[in-house]
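Worksheet: the structure to be examined is printed underneath.
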Amino acid sequence: MKILKACAIAVAMLVAAGFGLVVIILDQDADADSDGGLGSLGGLKGVPAEFRPWINKADKECKHPELTGALLAAQLKQESGFQTGRTSDAGAEGPAQFIPSSWDTWGRDADGNGTADPADIGDAVIAQGRYMCSLIGDAKSSGYGGDPRRLALAGYNAGWNAVRKHKGVPPYKETQNYVRIIMSTMKDFEGSPDLKVTGSGTGADALRKASGRMGTPYSWGGGGPNGPSKGFCDGTNGYLNGTCSADKTAGFDCSSLVQYSYWPKLKLPRTADAQYGATADRPVSKKDLQPGDLLFWAHRNGGIYHVALYAGDGKVVHAPRTGRTVELRTLSSAMPAADYYGATRP
């Protein structure tokens, strides 16, 4: 089956307003604009467009940060070259090469077409992500040491029982080559930020600074006007898999990213709630949003818990949560839609 390669089509949007002239270029190869909120935009390259939203969705659904879109993409390339019709002598099928017994465990009708089929891209990639996420969890709790991604890949190729038997990557040539190739080719699928901003003005400058930090880790309480810094845990926030992550991670949380992006031209306060209070006298409706506007989400009791910068074309740049990184995402999928509180113009 011939592999379809998506074309990178640049879409330019010009916005002239009080923020100055802003030109936003969004790479549709990175977006495909058909993800329907399936996952973060960008961060991948060299991936066929029809695979991209499902890889992003599988990445988003896993709680383990070790599972990334680039890892899944490199694995798909090694398994099948992104070919949906690939089969093997062992009976493996589809782009993620599931054998029937494994498919019975992990396969689901993820694309909603009424059939769970290992040859369907959506079904296969979501099953791959679910299986790899489980294997990474097994690896992290195994006590075997080493990179849990290597152990998980070995489990995917040779079975977790083989990993357990050898207390690490089994000494099988095929498995060792499989792990080595995927780990070394992940970087080939790691895309640069898919948002380029040119122009001048407060909004353009803030958005440009924020987009330049895409890929920076989230750290609760971390970050500030001078850039990323280590955060802290407060009994509820900053934890990953039961362990405090923030105090070991130099990064941003949602409001420190916003504060950093506007500083020093505009010295916004530190927290999302305070940033809303400082700009609430300049509300903006969704239909009038401009790049650099601040968007807020709140709990039902009214407490604002998240802020993002509008990036144009229905997208935002934000620092989402512990275990993730600063990213470009559709506004509709950034946070629960029901929590959207409103937008302001700094």
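Being a predicted model, the structure only gives us computed values, none of them experimental. Just so you know, these numbers use all the heavy atoms, side chains as well, and skip hydrogens, waters and symmetry mates.
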Check: Tyr341 ring centre within less than 6.0 Å of Tyr276 ring centre: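 Yes, the ring of Tyr341 comes within the 6.0 Å limit of the ring of Tyr276, centre to centre.
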
Side chains of [Y] and [X]: any donor to acceptor distance under 3.5 Å?
{"X": "Tyr172", "Y": "Asn177", "answer": "no"}
{"X": "Asp188", "Y": "Thr185", "answer": "no"}
{"X": "Gln128", "Y": "Gln75", "answer": "yes"}
{"X": "Thr249", "Y": "Ser219", "answer": "no"}
{"X": "Ser102", "Y": "Thr105", "answer": "no"}

Check this for me, if you would: do [X] and [Y] make a salt bridge, where the nitrogen-to-carboxylate-oxygen distance has to be below 4.0 angstrom?
{"X": "Arg270", "Y": "Asp253", "value": "yes"}
{"X": "Glu79", "Y": "Arg86", "value": "no"}
{"X": "Arg108", "Y": "Asp123", "value": "no"}
{"X": "Asp293", "Y": "Arg345", "value": "yes"}
{"X": "Arg324", "Y": "Asp59", "value": "yes"}

Whether Trp160 and Tyr144 hold their rings parallel, tilted or perpendicular, with breakpoints at 30° and 60°: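 Geometry flag for Tyr144 against Trp160: parallel rings.
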
Worked check of ring-ring contact (aromatic ring centres under 6.0 Å, His included) between Phe252 and Tyr218: CA-CA 5 Å; Phe252 292 102; Tyr218 182 99; 9.8 Å; no

Test: Lys77 cationic atom under 6.0 Å from Phe51 six-membered ring centre, within 45° of axis: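 The answer is no; the distance or angle limit is not met.
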
Any donor-acceptor N/O pair, Asn301 side chain to Gly303 backbone, under 3.5 Å: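 Checking the backbone N and O of Gly303 against the side chain of Asn301, a donor-acceptor pair under 3.5 Å is found.
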
Pairwise distance CD1(Ile55) to NZ(Lys60) - rounded to 0.5 angstrom: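 Between atom CD1 of Ile55 and atom NZ of Lys60 there are 16.0 Å.
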
